[in-house]
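Report on the structure given below.
All ligand and atom numbering here is 1-based and tracks the order in the structure.
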Amino acid sequence: MDKIIRTRFAPSPTGYMHIGNLRTALYSYFYAKGRGGQFILRIEDTDQNREVEGSSQLIIDTLHETGLIYDEGPDIGGPYAPYVQSQRKTGYLEYAKQLVAQGDAYYCFCDKERLESLTDENGARKYDKHCLSLSLEEVQRRLANGESYVIRQNIPDTHEANTYHDMVFGDITVDSCEMEDQILIKSDGMPTYNFANVIDDHLMNINCVMRGAEYLSSTPKYNLLYDAFKWERPVYIHLPSIMRDATHKLSKRNGAAGYGDLKAKGFLREAILNYIVLLGWSPKNDVEKMSFDEMLHAFNLEGISKSNAIFDEVKLRWLNGLYIKELPFEEFVEYATPWLDKSCCRGRFDYAYLCKLIQGRIDTLEDIIELVSFVDKFGDYDLELYTNKKQKTSPEVAKEILPKVLDFLTAQTDWSEQQLHDSVLAFVQQLGVKNGIVLWPLRVALSGLMSTPGGATELLYLFGKEESLRRIRYSIDLLNK
Ligand code: GLU
C-alpha cells in the first residue's frame, strides 16, 4: 500500500477496557505507527442502552496511560477529544437517505410483534423484506404521520457469493441469502454499529480496519455498503479471540479480563502491554520480553495467528516478575509503597529497606502483602526448623549458640545495617565456627520461619534492637522448654 496507513480503535463505552480491546488498540497503533501512519480513537456510543457512565473517559485515560496517543479528533472538547459517534448523529441519516434514494436501503415500519413472529426455515429470525414493497406514497404518508420507523439495508436475496480477503483469515465468503436486511438507522434516529462503522471509516479515511474475529461474517454486509456508495473498501485485519480456556472467551464474569483489573492485581503497565501483544501475535525471533519501542518496530501482520489465544496468568506473572526485578530501585519503592500501606507493615518499618528485601522475590505487586506478612507470624514454632544438614545446625546447636549471640547483641550500641553486618561476622569469626552455625539459628530465632526475605543481619536491622532481642529471648525460652 503506498497510501499513508490509517488505523482506528473504535471501542464502545460499555464499562471497562477488556484486554481484547486493548490488544486491538495496540495492534492498530503499532501497525500504523511502525509504518509512518496515523491512528485515531473513535468512541462508538450509538447503543446508548449499553453505555456505562464514565467509560469513555476510562478509554481515553487508558490510552494515555499506555502511550497509545491518537493523532486527531474533532475540533471540539479540548486537545484529547476523540471522535464520538453520538455527536455525529445527523450525518448518518443523510447517508442512509442516499441509500434509500438509490434503492439500497428502505424504510421499515414493522412493529415488535410482527418482527418477533418472523423466523426463517432454520428457526432463526430473519427479516422478510416486508416493507421493501411499500409504495413511495405510502412511505411518505406514514413518515408524515410520525410513525416510528427504522431504515434497513436492502441486501439482494440471491445465492450470490460475497467474498473478500482478510489479511489474517484469508478469503471469506458469505452467501447473500444468509445475510439479513440489517438495520442501519434505529427508531431513535441513531445509526447502528453496522452502519456507522462504514460511514465513519470512510469519512475518517481509515484504510486498515483491525477488529475482533467476531466481525468476520458481517463484513460482507459492510462491503455491500461500501460498494453502494462507490467507496473504496479498507484492508481487513481480523484478530483471533482471547480465551479463558479452550471453549470460553475471557470475560469479566470469569476473573480479571480488564486492564484495570490486572493493574489492581499488581501487574505493571509495561508487562501487561508486553503480554497482551503476544496474545495472538509472535515476533519472528520468538523473543518474548520486548519494550514498547521494540514491539512497535517488530509488529507485523505475518505474525498474527488465526488460532484463538489463551490468556495464561502464570505466564503474565512470570513476565511481570522480570519487569519488577529490573525496575530502578526508587521506582520500585514508589510502586511498592501503596501495597505496603495495604499490608500489615503499614506505618511500620523502613519501607525502603523492606523494598530492598522484596524486590527480587515477587512476581506481582500484590505478592508484597503475603511476602511481608512474615513480620507478624512470630509465635511458637517447630524447633525442627533449627535442623539444617548443610549448615550443620540443630536445636542443640541453637540452644548453645543463641545465648552467646544474645549477649553479644545486647552489648551493641550501633544498630546500623553495615555495622550489624560487620560485627556479627566478626563475632562468628571470634567463635571460630562457620557462618551458618550462627546465621541459620539466628534467622530462625528472629522469624520462627523456614524462609524469610532477607537473612539474619537484615532481619536484625529491620526489626530494630528491642524487637530483635525480644524475639531471640523468646526463642531461647522455647528451646529450653
Ligand atoms: N465498537 C465495536 C466494538 O467495540 C468496534 C468494532 C470495530 O472495531 O469495528 O466491538
_Could you work out, with salt bridge (Lys or Arg N to Asp or Glu O under 4.0 Å) as the rule, every residue matching Arg211, not counting sequence neighbours?_
none

_Basic-acidic side-chain contact under 4.0 Å: Lys126, Glu178_ = no

*Only counting residues at least two apart or in another chain, list the ones meeting salt bridge (Lys or Arg N to Asp or Glu O under 4.0 Å) with Arg244.*
none

*Do you know which of Asp200, Thr192, Thr46 makes side chain to side chain donor-acceptor pair (under 3.5 Å) with Tyr92?*
Asp200

*Positive for salt bridge (charged side-chain N to carboxylate O under 4.0 Å, His left out) with Glu370, one of Arg361, Lys377, Lys342*: Lys377

*ligand 1: which residues have a non-hydrogen atom closer than 4.0 Å?*
Arg8, Ala10, Pro11, Ser12, Glu44, Tyr193, Arg211, Tyr215

*Quick one: salt bridge (charged side-chain N to carboxylate O under 4.0 Å, His left out) pairs with a partner in residues 50-74, sequence neighbours left out?*
Arg6-Glu72, Lys33-Asp71, Glu65-Lys263

